[in-house]
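Numbers for residues simply follow the sequence, beginning at 1.
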Amino acid sequence: MHHETPAPPERFNFARHLIALNAGRAGKTALIDDAGTLSYGQFAEQVQRFSAALQALGLKREERVLLLMHDSSDWMVAFLGALHAGVVPVCVNTLLTAKDYAFMLADSRAQAVFVSAALLPTLQTALEAGGNEVKQLVVSRAKDPLPAGAHDFATLVAAHAPGSGADTHGDEPAFWLYSSGSTGAPKGTVHTQASLYWTAELYGKAVLGLKESDTVFSAAKLFFAYGLGNGLSFPLSVGASVVLMAERPTPQATFKRMVDHQPTVFYGAPTGYGGMLAAPDLPAKSQVALRLCSSAGEALPRDIGERWTAHFGCEIIDGIGSTEMLHIFLSNRPGDVRYGTTGKPVPGYEVQLRDEDGSVITGHNMIGDLYIQGPSAALLYWNNRAKSRDTFQGNWTKSGDKYTRDPDGYYTYAGRNDDMLKVSGIYVSPFEVEATLVQHPAVLEAAVIGKTDDDGLTKTKAYVVLKAGAQATEAELQAFVKEKLAPYKYPRFIEFMAELPKTATGKIQRFKLRELENQRLFVHR
């Protein structure tokens, strides 16, 4: 049943909206992180105090601030405090390199940085590279003395009386997320105050059916569009409790939270589910309280979904969203899960499949490019008009994904229409990995493709041609890439070849390598 969701008022501030919504829940636990818990009342007060602190630090409306923090209550206070003040947080991936952050600082012209103590050394390297306008540094949970002029997060919050916030417009730029493309620098994706409202109403409430009685836990971090809905806008929109974890979501770290805090809803990516099912210490169904699980980031292999449900007795709701649309727009539903598919359009969103000429495909089981229309679309990519116009086409957003639709209306993933690879739910550009491999003195050429492992998940594989007389091992090249790029981007498999397949003009034919890989898979099975 889908009733029309009311639009938010024209003047709308998402942080103020949440505070008003939860005014009657002051004593209820809102956040549980590695350091302790915050009630809804304490949380609201911290958000409003942080909002006032930003103004006291001289930050003005619409100015950007870089939010580089591990998941914690401080992350949530920083994000919502900035929204409350009309200051724009630029939420970035904590797994990147100093070079990536230097680019983002310059690109966003961030006036301040909010950083977790553990990430401070990487940030300082980025700041020293220059080209930024950072005037204020706020450090969360530092154990060591702070750099000169920096502020301690908790001290800063405590020092200011709660602010009244900014009277923002619902369409005003509220926050950025960076989206990685197959080529070139990451793109600052600019979202509005109202985007968060729409995803919470249309997906968090209407599809997942989150309730006040739920406790949620997302392995996907808050800096991802997926994690931001999972752990912030969805649960806070219904008054649920949120479990936050700073560390990497290894199976063991995830199991600990599942058992200790008894979340009723868990959100992860397929690679994570596969890893947990393979772990020897997988908890028994009786040890956890799961009623529902969610998956996004890459297509969920049917086998993983079925094995998870057989073990825990709860469904994994697989969907696809994007940084550009903020959250999921095509999804399975509780009680209507068809493993191996991405389900049906989320009510409130329209999707189309289009052929190579741009005509809408009405037939079944034909591969087309996926386009989406819905109220949570981003405004644009910052300082990138060409890519903005290519992606945001009037009412429609181009996803870059290929899909098929069956006669029952279920959609199934059919790959990307660029060469981007999703590894553990995070985009990896094959070009970036190739460009790094060829910097190694022994490497002549490299081509990177996605290889499907035994669980049906994508891993990066590099085909490498060495220079005449040169030598290098797989481990040596993997270590080389890990040093130069964010470590998750290294190729999981490397195969040495005498030459790479090429066109007459010398372009590497990745599709031939993919065919080779598929033939082997067939023989192997």
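The existence of a salt bridge linking D33 and R141 is confirmed by a sub-4.0 Å separation between a basic side-chain nitrogen and an acidic carboxylate oxygen. Taking the charged nitrogens against the carboxylate oxygens, D107 and K187 have no contact shorter than 4.0 Å, which rules out a salt bridge. Remark: R257 engages E247 in a salt bridge, criterion side-chain N to carboxylate O under 4.0 Å.
A heavy-atom distance below 4.5 Å is found between the side chains of L370 and V351. Counting heavy atoms from C-beta outward, W75 and S116 have side chains that stay 4.5 Å or more apart. Within the 4.5 Å cutoff, no side-chain heavy atoms of V216 are placed close to those of F234. In this structure, K422 and T458 have side chains that are not in contact, with every pair of non-hydrogen atoms separated by 4.5 Å or more. Contact annotation: the side chain of P147 approaches that of L137 to within less than 4.5 Å [non-hydrogen atoms, C-beta and beyond]. For the pair Y101 and V92, the minimum side-chain heavy-atom distance is below 4.5 Å. Proximity of V88 to R64: side-chain heavy atoms (C-beta onward) are separated by under 4.5 Å at one or more points. Proximity of P345 to Y411: side-chain heavy atoms (C-beta onward) are separated by under 4.5 Å at one or more points.
Y427 and R416 share a side-chain donor-acceptor pair at under 3.5 Å. If you check the side chains of T264 and D214, you find a donor sitting under 3.5 Å from an acceptor. Side-chain contact, T215 with Q262: no donor N or O sits under 3.5 Å from an acceptor N or O.
R11 CZ: more than 12 foreign heavy atoms inside a 6.0 Å radius. In the displayed structure, K135 atom NZ is contacted under 6.0 Å by more than 12 heavy atoms of other residues, nucleotides or ligands.
Applying the side chain to side chain donor-acceptor pair (under 3.5 Å) test to K205 and every residue at least two apart in sequence or in another chain returns E201. By the side chain to side chain donor-acceptor pair (under 3.5 Å) test, N230 pairs with S218, H327, sequence neighbours left out. Applying the side chain to side chain donor-acceptor pair (under 3.5 Å) rule to Y413 yields no partners; only residues at least two apart in sequence or on another chain are considered.
Atoms OG1 and CG, from T122 and L68 in turn, are 7.5 Å apart once rounded to the nearest 0.5 Å. Atom OG of S108 and atom CH2 of W176 lie 5.5 Å apart (nearest 0.5 Å). Here the straight-line distance linking atom CG of L380 with atom OG of S388 works out to 5.0 Å at 0.5 Å rounding. Interatomic distance, CD of Q373 versus CE of M325, reported as 8.5 Å (0.5 Å rounding). M104 contributes atom CE, which lies 7.5 Å from atom CG of N93 (distance to the nearest 0.5 angstrom).
Here the side chain of Y226 pairs a donor or acceptor atom with the backbone of G268 at under 3.5 angstrom. The main-chain N or O of G163 is never found under 3.5 Å from a side-chain atom of S51 such that the two would form a donor-acceptor pair. Of the possible donor and acceptor atoms, none in the side chain of E45 sits under 3.5 Å from a partner among the backbone N and O of G41. The main-chain N or O of G274 is never found under 3.5 Å from a side-chain atom of R307 such that the two would form a donor-acceptor pair. Judged purely by atom type and a 3.5 angstrom limit, K28 uses its side chain to pair as donor or acceptor with the backbone of G239. In this structure a side-chain-to-backbone donor-acceptor pair under 3.5 Å is present from N332 to D318. Formation of a donor-acceptor pair under 3.5 Å by the N132 side chain with backbone atoms of V134 is found in this model. Using modelled atom types, no side-chain atom of Q42 and backbone atom of Y40 make a donor-acceptor pair closer than 3.5 Å. Remark: side-chain polar atoms of E324 are not paired, donor with acceptor, to backbone N or O of A378 under 3.5 angstrom. At distances below 3.5 Å, at least one donor-acceptor pair connects side-chain atoms of T168 with backbone N or O atoms of F12.
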Walk me through whether E315 and Y339 qualify under side chain to side chain donor-acceptor pair (under 3.5 Å).
CA-CA 10 Å; E315 296 171 322; Y339 285 132; over 6 Å; no

Output, in order, the C-alpha distance, side-chain angles, deciding distance and verdict of ring pair (Phe, Tyr, Trp, His ring centres under 6.0 Å) for Y273 and F266.
CA-CA 11 Å; Y273 285 109; F266 172 75; 5.7 Å; yes

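For F223 and Y178, the ring centers are positioned 6.0 Å apart or more. Between W396 and Y371, the ring center distance fails the sub-6.0 Å criterion. Here the two rings, on H261 and F217, have centers that are 6.0 Å apart or farther. The ring of F79 has its center no closer than 6.0 angstrom to the ring center of F114.
The one candidate from T412, T342, T341, D369 that meets the side chain to side chain donor-acceptor pair (under 3.5 Å) condition with Y403 is T342. Remark: of the listed residues Y349, Y203, W198, Y349 is the sole one forming a side chain to side chain donor-acceptor pair (under 3.5 Å) with S376.
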